[in-house]
J.: 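Pasting a structure below so you can have a look.
By convention in this document, chain letters (A, B, ...) are assigned in the order of the sequence lines, proteins followed by strands, and residues within each chain are numbered from 1.
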Amino acid sequence: MPRTLGPPRVKVPDLRQAWEAELGDHVVQLEWSPDGNLLAAALIGGPVSIFGSDGRFLRELPGHSFGTLSISWSADSRLLASAGQDGYARIWDAATGAPLHELKCGAQWVEHVAFSPVKDYLLTGAGRFLKMWNSSGQHLRDFPDHPSTISAISWQPRELFFATGAYGQLANNHAEKSDFGKTFAWKGSILVVRWSPDGNYLATGNQDASVHFWYRKTGKDLEMTGYPAKIRELAWNYESRFLATGGSPLVTIWDCGGKGPAGTRPIQLEAHNHFLSALAYQNKGRLIASGCQAGAVLIWNHSQPQRPLRGSQLGTAITQIRWAPNDHMLAASTEAGLVRVFLRAEKE
Amino acid sequence: MSPDIAPDRIPVTVLTGFLGSGKTTLLNRILTENHGKRIAVIENEFGEVGVDNELIVNAEEEIFEMNNGCICCTVRGDLIRILGNLMKRRDRFDHIMIETTGLADPAPVAQTFFVDDEMKERMALDGIVTLVDTKHIWQHIDDSDEAKEQVAFADVILLNKIDLVPPGEVDKLEARIREMNPAARIYRTRDAAIEMDRILGLGGFNLDRALQVDPKFLEPEYPFEWGGVYELATGTHEFVMQDGPDPMMSITVMPVKSADYQGLEGAQMDAVLTFSSQEKPVELGGAIKPGPDLHQLILRGDGEKRFLIEVPASGSYALFTEHHPDEFSAALHGSGPLQAVVSKQYKPDHEHDEEVSSVGFNVAGDLDQRKLNSWLRDLLMKKGPDIFRMKGVLSIAGETSRFVFQGVHMLFDGRPDREWGKEPRHNSFIFIGRNLDRAELTEGFMKCLVR
């Protein structure tokens, strides 16, 4: 499919831009600090840039030679962890940029790093190896090796459970209980794992163009198929009721309330002229932001699915979209290295 | 950049071959030779290292079977991840080379570039290069499915380590491999020494180049060795034969539209079908009528033998013979000996003992796209797992450009190529696979031609 750039299919008012920065390289991850004061952008070439929420460039961390693959903020917003293609995860002091700890993660490519939002734990995933550390760089625990490369790590937002995805399984573990491990075996390749904010559902986006749901307590699962492409974009709304999915130019939203999504028709938001590449619901509000491979960012209220509320064109494929913790700002990044931050209009 | 792959897609070469066949030697050459290309190599052994201008990435083979279990949807998950990251880099590569483990089935690697939407958009399979250890291949080729598949999937085959075996052995091996995969280009090497442009930039589709190597490779193997077109007057003619190597010979005679090559080629597929029907024995002096019957001439006794051909109305007729008429010093006689206006020798149909083989066509005319699609769809649904590779240059009715395509199992990738221009429109098409049914494929393909 040609990567055509251009405006979305319908005309929408422009998003209000707060600031932007040109980083000149593919932005692999974009993360607001939990206090909302800092925005970190990791580049595939290695460096990680840190900005103030007002757009001031604060510092650049060297990241990882051969490339950075993942970043994560500690719950207190003081530390940033990064992982990359040099076999290490690193913990940095966000205020000074000083490298504090270097963690050897067991394989050449460390693809995942994730601080717990609840307690001082840090998970790293490298190849089939899953390790837990704390922010002082102490190695706390090795989890059993996965059957294939770990493709996703997701902490349950309120507790010490976390889920990991790989080819052939979704696993649910607990940071402190060693006897907890629960595995949902499934013959498929998981690309992304998302907990619902209430911790009751696990959703995965998969290589075989399907979305899979698990009810954590019962292990019961169901699957949504029929997407034209693999699913790398998943976002829950704050009530844990709606799950937005990509895998096509449409934003496809499943209502998991009531009897759940089985047998229901999803809400579909149609305006992008290319496949989606990023999705994010607000943390407390009802808006959803979508980004596509043709560079458009749109925001929607899914109860008015006819048209997006506002939009912006960033020129190249959108790689990440993140709402600030207070939902007042929205950050988006592109494969050419543009980071653009928008202000939410009051009326929305 | 290969001229045959759209410029926004990076060409990918897959390197297969058993342990000890010389893959590492070849990779080292690729990494150290000055060929002016920036190549990323995905290997099994090393970590990620930059060697001057190159990049080597370690991969642990992870084969992802999709939920439905269909072998054609099986892909290499590790490659999707690694190449996905590679594609994000600003320092773009001119070429990607993927080394597979010795026992690997090449299909999942190749299919990765057809199945995954992200891979498909940014990369294209340029070619599969298979290294063969000339000395040790005999231990595998008969009973190893992997060895057969690696040969059958290849676009280029390097018979390596030829210095370790007598030349006669290499000839024998080459003949054997040709039989399994006539579309591949075969080179003989020592220490995997080969010019880079013979293995990189094949273009995936480049059937023309394969045709230059062996212009006959795409011709179907015919059940007859000779065909000729005659202008015949109404009345009885004689087919006169001398002693020859066989006690019988099958022939068919059929009216054709014109006494030229077009007339002959127009009839040859009908003749193939006729030759697959039950023969009717004809004794010495017996009579034959033109039509869709296969006549088996019984050649009893020594000396000259005569058979009668009864021509109902004057016109152009084609005669197809199982053996070349020269083997029997045979000729058609009217009032005197007659010369064929045009004639053609056909590649003989030898018995295949190979389970892995090929079926090819090279046929003039235009294809009905709708019929072709539906034939291919049905065929691949039923036979996909047994069809390893498919390649073709097609003449689609109503299109001014050649249509080129290649496939792996059930998946294919095709697009319009250059304009036909003055080149005569024709269709070259080859299947390589296991237990292929030549007659069925030939018939199915012929039905797609616009009549």
Side-chain angles (χ1 to χ4, degrees), chain A residues 1-3 23-28 42-46 64-69 84-87 107-109 111 127-128 146-151 166-168 186-191 206-210 212 223 225 227-232 247-248 274-275 277 293 317 319 335-337, chain B residues 6-9 40 42-51 54-70 72-93 108 111-112 114-124 413 415:
Chain A
M1 183 158 307
R3 299 165 75 76
L23 301 176
D25 195 4
H26 187 114
V27 180
V28 287
L43 303 182
I44 189 67
H64 300 260
S65 54
F66 296 121
T68 296
L69 297 171
Q85 298 178 34
D86 57 359
Q108 191 62 30
W109 282 29
E111 291 183 74
R128 297 181 288 115
H146 281 56
S148 73
T149 298
I150 297 165
S151 55
Y167 170 58
W186 172 64
K187 192 161 187 167
S189 167
I190 293 169
L191 303 176
N206 308 310
Q207 175 74 37
D208 64 356
S210 71
H212 215 101
E223 189 175 63
T225 57
Y227 292 89
K230 61 183 172 182
I231 313 287
R232 288 165 296 178
S248 84
H274 206 301
F275 277 63
S277 51
Q293 289 180 16
T319 58
E335 64 177 25
Chain B
D8 54 339
R9 296 201 291 173
I42 317 290
E43 277 192 352
N44 298 301
E45 293 144 62
F46 298 89
E48 183 179 357
V49 222
V51 181
E54 326 291 350
L55 178 82
I56 307 176
V57 186
N58 168 53
E60 194 176 337
E61 186 174 79
E62 288 184 352
I63 296 184
F64 287 8
E65 213 177 278
M66 292 300 119
N67 225 359
N68 55 15
C70 160
C72 306
C73 301
T74 301
V75 297
R76 282 274 301 273
D78 56 321
L79 293 179
I80 295 178
R81 209 168 47 241
I82 289 167
L83 295 174
N85 272 318
L86 217 57
M87 289 298 107
K88 292 174 185 168
R89 291 178 185 243
R90 218 169 6 149
D91 48 346
R92 285 302 169 90
F93 294 92
Q111 285 167 180
T112 303
F114 293 87
V115 171
D116 184 89
D117 46 291
E118 194 188 357
M119 299 294 109
K120 198 162 65 183
E121 187 174 325
R122 306 210 167 186
M123 285 163 268
D413 181 10
R415 62 193 166 73

J.: Below 4.5 Å from any heavy atom of chain B, which atoms of L43(A) appear? Answer side chain, backbone, both or neither.
T.: neither
J.: Is it the backbone or the side chain of N85(B) that comes under 4.5 Å from a heavy atom of chain A, or both, or neither?
T.: both
J.: Flag the pair L79(B) / I42(B) as yes when at least one side-chain heavy-atom distance between them is below 4.5 Å, and no otherwise.
T.: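 They are in contact (side-chain heavy atoms under 4.5 Å apart), so the answer is yes.
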J.: For a 4.5 angstrom cut-off between non-hydrogen side-chain atoms, does F66(A) reach R89(B)?
T.: yes
J.: Any idea which of L69(A), I44(A), T225(A) has the most non-hydrogen atom pairs under 4.5 angstrom with chain B?
T.: I44(A)
J.: Do I150(A) and E111(A) have side chains that approach each other closer than 4.5 Å (heavy atoms only, starting at C-beta)?
T.: no
J.: Would you say the side chain of M87(B) lies within less than 4.5 Å of the side chain of M123(B), judging by non-hydrogen atoms?
T.: yes
